[in-house]
Amino acid sequence: MTIQEEIRELCRQKNAVILAHYYQRPEIQDVADIIGDSLALAQQAQMTQADIIVMCGVHFMAETAAILCPTRKVLIPDATAGCSLADSCQAADLKRWKEEHPEYKVVSYVNTSAAVKALTDIVVTSSNALKIVRRLPKEDKILFGPDQNLGRYIMEETGREMELWNGCCHVHSRFSAEKLQALRQQYPNAPVLAHPECKKDILDQANVVGSTAALLNFVKGHAEYKQFIICTEPGILYEMRKSCPDVELIAEENRCEYMRQVTLEKLRDCLRDETPVVRVEPELAEKAVLPIKKMLEWS
Ligand code: 13P
Ligand code: SF4
C-alpha cells in the first residue's frame, strides 16, 4: 500500500476528513478531502459530519476548527507548525491596547490565538475583511490586528478610523517592490495578483488584491490573459497550474516554512495514532467562538 492509500484507508476507517490549506505541499493537497483558504477551512470544519478533522495547516487553523467543533476530535500533523503573524500578538498585550482605547471595536484577523479571539468583537479573514469592516456601524472606531498590511489596505479602501497592530507575515512582507517592478517590465501583459498581507509598495502595483482563493478564482476566470504575476505563498501555484495548465505563472518563491512542516508521514502517523489533538479549554472556547461565528454569519 502506498502512504497515500494508507492515509485514505485510515480516513475511511475512522470517519475522518482531511482539510488542507492552499499553502500545503502538493502531495498533501492531493490526498486531502478539501483544499481551501482560511475562510473555507473554517466553514468546512463547521459543516463537517466527520468524527475526526485533520487540519493540514498551521496551529491557529486547527484551533479555530476545535473552537467551532467542540464535539469532534481535531488533529494537526505537526503541533509545532505555528505562524509568525499570530505569534506577534499576545493576549496580554491586546488586553492592554484595548484598555487604552476603550471606545474602539476589536477586529482580529483569523491568524490569532484562541486567547486573542476571546478578546475580539469580530474575526475576519483576507476573504471577508473588507465586507465585514464595511458592515460595521459607521461610527465604530476599530482596533485592527495583527496584520498591519491588511489593516492599512482595509483602512485605505473603506476610509474607516482604525488603529493598527504592528505585526506582519514574514512571508508576504518579503516580496520586493523592485523585483516586482522588473517583472512588470519583463511581462507587460501579465496582471499582478497580490495577497493583502503584502506590503503597500506591492499592493500599489497590483491589479488584483485578494485572499488566496480570490487570486485562484481570478486566474480561473480570466482566460484572456496568458500570464499572471503572483505575489503570495507559492503553494497556491499548484492548484492554479492544475486548474489552468496553459497559463504561465510568474512568482517570487517566498515559502512559508510553517506550512511545509506537514508531510505525508506526519499526516499518516497522526491519523493512525490520533495525536496530536488540538484542544481549547471550554471556558476560553465559549468566548472565542462568538467572534468567529459572527464572522461566518456575516461572510
Ligand atoms: P488566506 O487563506 O485567507 O488567503 O490567508 C493566507 C495566509 O497567510 C494563511 O495563513
Ligand atoms: Fe502565518 Fe504568513 Fe505562514 Fe500564513 S503565510 S501561516 S500568515 S507566517
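Note that ligands are numbered from 1 as they come in the structure, with each ligand's atoms numbered from 1 the same way.
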| task | For the pair Q24 and Y238, evaluate side-chain hydrogen bond (donor to acceptor under 3.5 Å, both in side chains) and give the outcome as yes or no after the intermediate values. | result | CA-CA 10 Å; Q24 290 288 293; Y238 183 61; over 6 Å; no
Is the shortest side-chain N to carboxylate O distance from [X] to [Y] below 4.0 Å?
{"X": "K105", "Y": "D140", "answer": "yes"}
{"X": "E297", "Y": "K293", "answer": "no"}
{"X": "E257", "Y": "R255", "answer": "no"}

| task | Report the C-alpha separation of K117 and V110 in whole Å, then their side-chain angles, then the decisive distance to 0.1 Å, and conclude whether the side-chain contact (heavy atoms from CB on, under 4.5 Å) test is met. | result | CA-CA 8 Å; K117 289 186 176 82; V110 70; 4.1 Å; yes
| For atom CD of E283, is the number of surrounding heavy atoms from other residues, nucleotides or ligands below 6.0 Å larger than 12? | no
| request: Please indicate whether K266 has more than 12 foreign heavy atoms, meaning atoms of other residues, nucleotides or ligands, lying under 6.0 Å from its NZ. | output: yes
Short list, please: which atoms of ligand 1 are under 4.0 Å from a heavy atom of [X]?
{"X": "D37", "answer": "2 (O)"}
{"X": "S38", "answer": "1 (P), 2 (O), 3 (O), 5 (O), 9 (C)"}
{"X": "M61", "answer": "9 (C), 10 (O)"}
{"X": "T212", "answer": "1 (P), 2 (O), 4 (O), 6 (C)"}
{"X": "Y109", "answer": "5 (O)"}

For [atom], what's the nearest protein heavy-atom neighbour? Residue, atom name and distance, please.
{"atom": "atom 3 (O) of ligand 1", "result": "S126 OG, 2.6 Å"}
{"atom": "atom 8 (O) of ligand 1", "result": "E197 OE2, 3.1 Å"}
{"atom": "atom 2 (O) of ligand 1", "result": "H21 NE2, 2.7 Å"}
{"atom": "atom 2 (Fe) of ligand 2", "result": "C169 SG, 2.3 Å"}

| request: Tell me which one of N111, V58, T212 gets a heavy atom nearest to atom 7 (S) of ligand 2. | output: N111
Would [X] count as being in polar contact with ligand 1, using the rule that some N or O on each side must be under 3.5 angstrom apart?
{"X": "S127", "result": "no"}
{"X": "N111", "result": "yes"}
{"X": "H195", "result": "yes"}

| query | Any heavy atom of E197 sitting closer than 4.0 Å to ligand 2? | reply | yes
| task | Examine V262 and L41 and state if one hydrophobic cluster contains both, with Ile, Leu, Val, Met, Phe, Trp and Tyr joined whenever side-chain heavy atoms are less than 4.5 Å apart. | result | no
| field | Residue pair S113 / F60, side-chain heavy-atom distance below 4.5 Å | value | no
| Does ligand 1 have any atom that is closer than 4.0 Å to a heavy atom of Y258? | no
| task | Give a yes/no verdict on whether any heavy atom in Y23 is under 4.0 Å from an atom of ligand 1. | result | yes
| So does C83 have any N/O/S atom less than 2.8 Å away from atom 1 (Fe) of ligand 2? | yes
| message | On the six-membered ring of W97, is K95 placed so that its NZ or CZ lies under 6.0 angstrom from the centre and within 45° of the ring axis? | response | no
| How does E233 reach ligand 1, by side chain, by backbone, by both or by neither, if only non-hydrogen atoms under 4.0 Å count? | neither
| said: Would you say N149 and E197 are linked by a side-chain donor-acceptor pair, where the criterion is simply a distance under 3.5 Å? | reply: no
| Looking at atom 2 (Fe) of ligand 2, is one of the N, O or S atoms of C256 less than 2.8 Å from it? | no
